[in-house]
There are 2 protein chains.
Amino acid sequence: MGVTKTQIFTAEQNELATILKVLGNPARIAILQHINNQKDCICNDIVEEIGLAQPTISQHLKELKSIDLIKGEISGKRVCYCINQKKWQEILVLLNDFFDKTNLNYC
Amino acid sequence: MGVTKTQIFTAEQNELATILKVLGNPARIAILQHINNQKDCICNDIVEEIGLAQPTISQHLKELKSIDLIKGEISGKRVCYCINQKKWQEILVLLNDFFDKTNLNYC
DNA sequence: TTTATATATCGCAATATTACGATAATAAAT
DNA sequence: ATTTATTATCGTAATATTGCGATATATAAA
């Protein structure tokens with residue numbers, strides 16, 4: 001079917017999975033790293049930095065925005081992207097929670 | 001095309017993305033949580049616990065095994081699954097590294 | 001006002017993922 | 001030896017994802 005059966009899982013499970021899914025792509029990892037390697041909010045030299053077409057980058061940025069992980073601010077004919085610090089911290093907490101709780105049964 | 005262009009990214013970016021992609025599914029999140037809620041390595045009451053068909057669970061377990069995050073030990077006609085503690089810790093380090101380093105530029 | 005630049009959206013092709021029924025494989029129980 | 005139970009694999013349908021060319025949109029520059 002290709003559809004994830006979200007109904008049978010908790011909101012927390014779905015939320016965590018959605019976030020990790022968005023993060024689970026090398027282009028989006030690279031974009032996040034690139035944004036953070038700049039001192040200020042950077043605009044789309046991302047396209048030149050990463051070897052993907054402009055529409056593709058734009059789409060990846062959209063997905064990162066969909067989980068509120070980055071913000072884009074219009075500045076003239078450009079758009080400046082930066083990390084949403086608040087969300088970033090929230091995700092860190094979610095992940096540490098998950099990794100702490102699921103750490104009892106091992107072999 | 002549907003294919004991720006892994007060639008243009010670093011091994012580290014691809015590795016992290018692969019791990020996060022495997023984790024980015026609610027069924028696999030639920031499976032990991034369930035394995036850890038048991039005291040001992042448990043076998044496929046997972047199928048009963050989570051509302052997915054047995055082949056589907058088996059496939060998800062395979063993906064979790066593909067990144068070495070869980071181990072399956074044959075025990076009679078059953079297979080006992082448990083977390084690979086070593087890998088689990090490695091992933092934690094990877095994630096914390098990523099989240100620490102990419103934490104400078106925000107808005 | 002025309003042109004250039006930057007970004008987003010549309011539409012599509014190729015491939016990947018999710019899920020499951022059918023079935024195989026294996027071991028325990030009878 | 002046959003049956004039952006547990007898990008894995010195969011094949012397939014439905015849907016999602018990745019990537020890009022073409023094009024729209026919007027602002028800056030000329």
Side-chain angles (χ1 to χ4, degrees), chain A residues 1-9 13-14 17-31 34-35 38 41-67 70-82, chain B residues 1-9 13-14 17-32 34-35 38 40-67 70-82:
Chain A
M1 286 128 198
V3 202
T4 304
K5 283 193 166 177
T6 51
Q7 338 92 31
I8 66 175
F9 303 107
Q13 287 168 336
N14 284 317
T18 299
I19 290 166
L20 291 168
K21 193 177 200 175
V22 169
L23 290 172
N25 175 287
R28 293 193 285 271
I29 293 286
I31 288 171
H34 183 66
I35 290 178
Q38 312 303 115
C41 283
I42 59 126
C43 308
N44 255 16
D45 46 19
I46 304 176
V47 174
E48 284 165 32
E49 194 61 29
I50 300 168
L52 291 171
Q54 180 269 320
T56 308
I57 297 291
S58 196
Q59 193 177 292
H60 282 305
L61 288 169
K62 197 177 174 183
E63 285 179 77
L64 289 168
K65 270 187 282 184
S66 79
I67 58 164
I70 63 172
K71 286 187 212 168
E73 250 174 76
I74 296 165
S75 151
K77 64 180 171 183
R78 302 186 161 213
V79 179
C80 291
Y81 285 102
C82 52
Chain B
M1 285 124 200
V3 202
T4 304
K5 284 192 164 177
T6 51
Q7 336 93 30
I8 66 175
F9 303 107
Q13 288 168 335
N14 284 317
T18 299
I19 288 167
L20 290 168
K21 192 176 200 177
V22 169
L23 290 172
N25 176 287
R28 292 193 286 270
I29 292 287
I31 288 171
L32 288 173
H34 183 67
I35 289 178
Q38 312 302 115
D40 303 311
C41 282
I42 55 125
C43 308
N44 255 16
D45 48 17
I46 302 178
V47 176
E48 283 166 32
E49 193 61 28
I50 300 170
L52 290 172
Q54 179 268 320
T56 308
I57 296 291
S58 197
Q59 195 177 293
H60 282 304
L61 289 168
K62 197 178 176 182
E63 286 179 75
L64 289 167
K65 269 187 282 183
S66 79
I67 57 165
I70 63 172
K71 286 186 212 169
E73 251 175 74
I74 295 163
S75 151
K77 65 180 167 181
R78 301 186 163 210
V79 179
C80 290
Y81 284 102
C82 51

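Each chain gets a letter, A, B and so on, in the order the sequences are listed, and its residues count up from 1. None of the values given here were measured: they were computed from a predicted structure.
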Whole angstroms only, please: what is the [atom1]-[atom2] distance between [X] and [N]?
| X | N | atom1 | atom2 | value |
| --- | --- | --- | --- | --- |
| B:E63 | C:dA19 | CD | P | 10 Å |
| B:R28 | C:dA19 | CZ | C1' | 12 Å |
| B:E73 | C:dA27 | CD | P | 15 Å |
| A:K21 | C:dA16 | NZ | P | 15 Å |
| A:I29 | D:dT18 | CD1 | P | 12 Å |
| A:L64 | C:dA8 | CG | P | 12 Å |
| A:I50 | D:dT18 | CD1 | C1' | 14 Å |

Could you list, one pair per line, each protein nitrogen or oxygen that sits under 3.5 Å from a nitrogen or oxygen of nucleotides 1-10 of chain D, together with the distance?
residue : atom : partner : partner atom : Å
D:dA5   : O4'  : B:K77   : NZ           : 3.2
D:dT6   : OP1  : B:R78   : NH2          : 3.1
D:dT7   : OP1  : B:N44   : N            : 3.3
D:dT7   : OP1  : B:V79   : N            : 3.2
D:dT7   : OP2  : B:N44   : N            : 3.4
D:dA8   : OP1  : B:Y81   : OH           : 2.4
D:dA8   : OP2  : B:S58   : OG           : 2.9
D:dA8   : N7   : B:Q54   : NE2          : 2.7
D:dA8   : N6   : B:Q54   : OE1          : 2.9

A:I8 atom CD1, over 12 foreign heavy atoms within 6.0 Å: yes
Other residues, nucleotides, ligands: >12 heavy atoms within 6.0 Å of B:Q7 CD: yes
On the nucleotide [N], are OP1 or OP2 found under 4.0 Å from the side-chain N or O atoms that [X] carries?
| X | N | result |
| --- | --- | --- |
| A:N25 | D:dT18 | yes |
| A:H60 | D:dG19 | yes |
| B:K5 | D:dC20 | yes |

Show me the donor-acceptor pairs within less than 3.5 Å that the side chains of residues 49-61 of chain A make with the rest of the protein, sequence neighbours left out.
residue : atom : partner : partner atom : Å
A:H60   : ND1  : A:R28   : NH1          : 2.9

Value rounded to 0.5 Å, distance of SG in B:C80 from NZ in B:K71: 13.5 Å
Touch check for [X], heavy atoms < 4.0 angstrom, all strands: base, sugar-phosphate only, or nothing?
| X | answer |
| --- | --- |
| A:E48 | nothing |
| A:I57 | nothing |
| A:L52 | sugar-phosphate |

Which residues share a side chain to side chain donor-acceptor pair (under 3.5 Å) with A:K62, sequence neighbours left out: none
Side chain to side chain donor-acceptor pair (under 3.5 Å) against A:K77, all qualifying residues, sequence neighbours excluded: none
Along DNA chain C (nearest heavy atom to each residue), the more 5'-positioned of B:I74 and B:G24: B:G24
Heavy-atom check, side chain of B:I46 versus side chain of B:I35, under 4.5 Å: yes
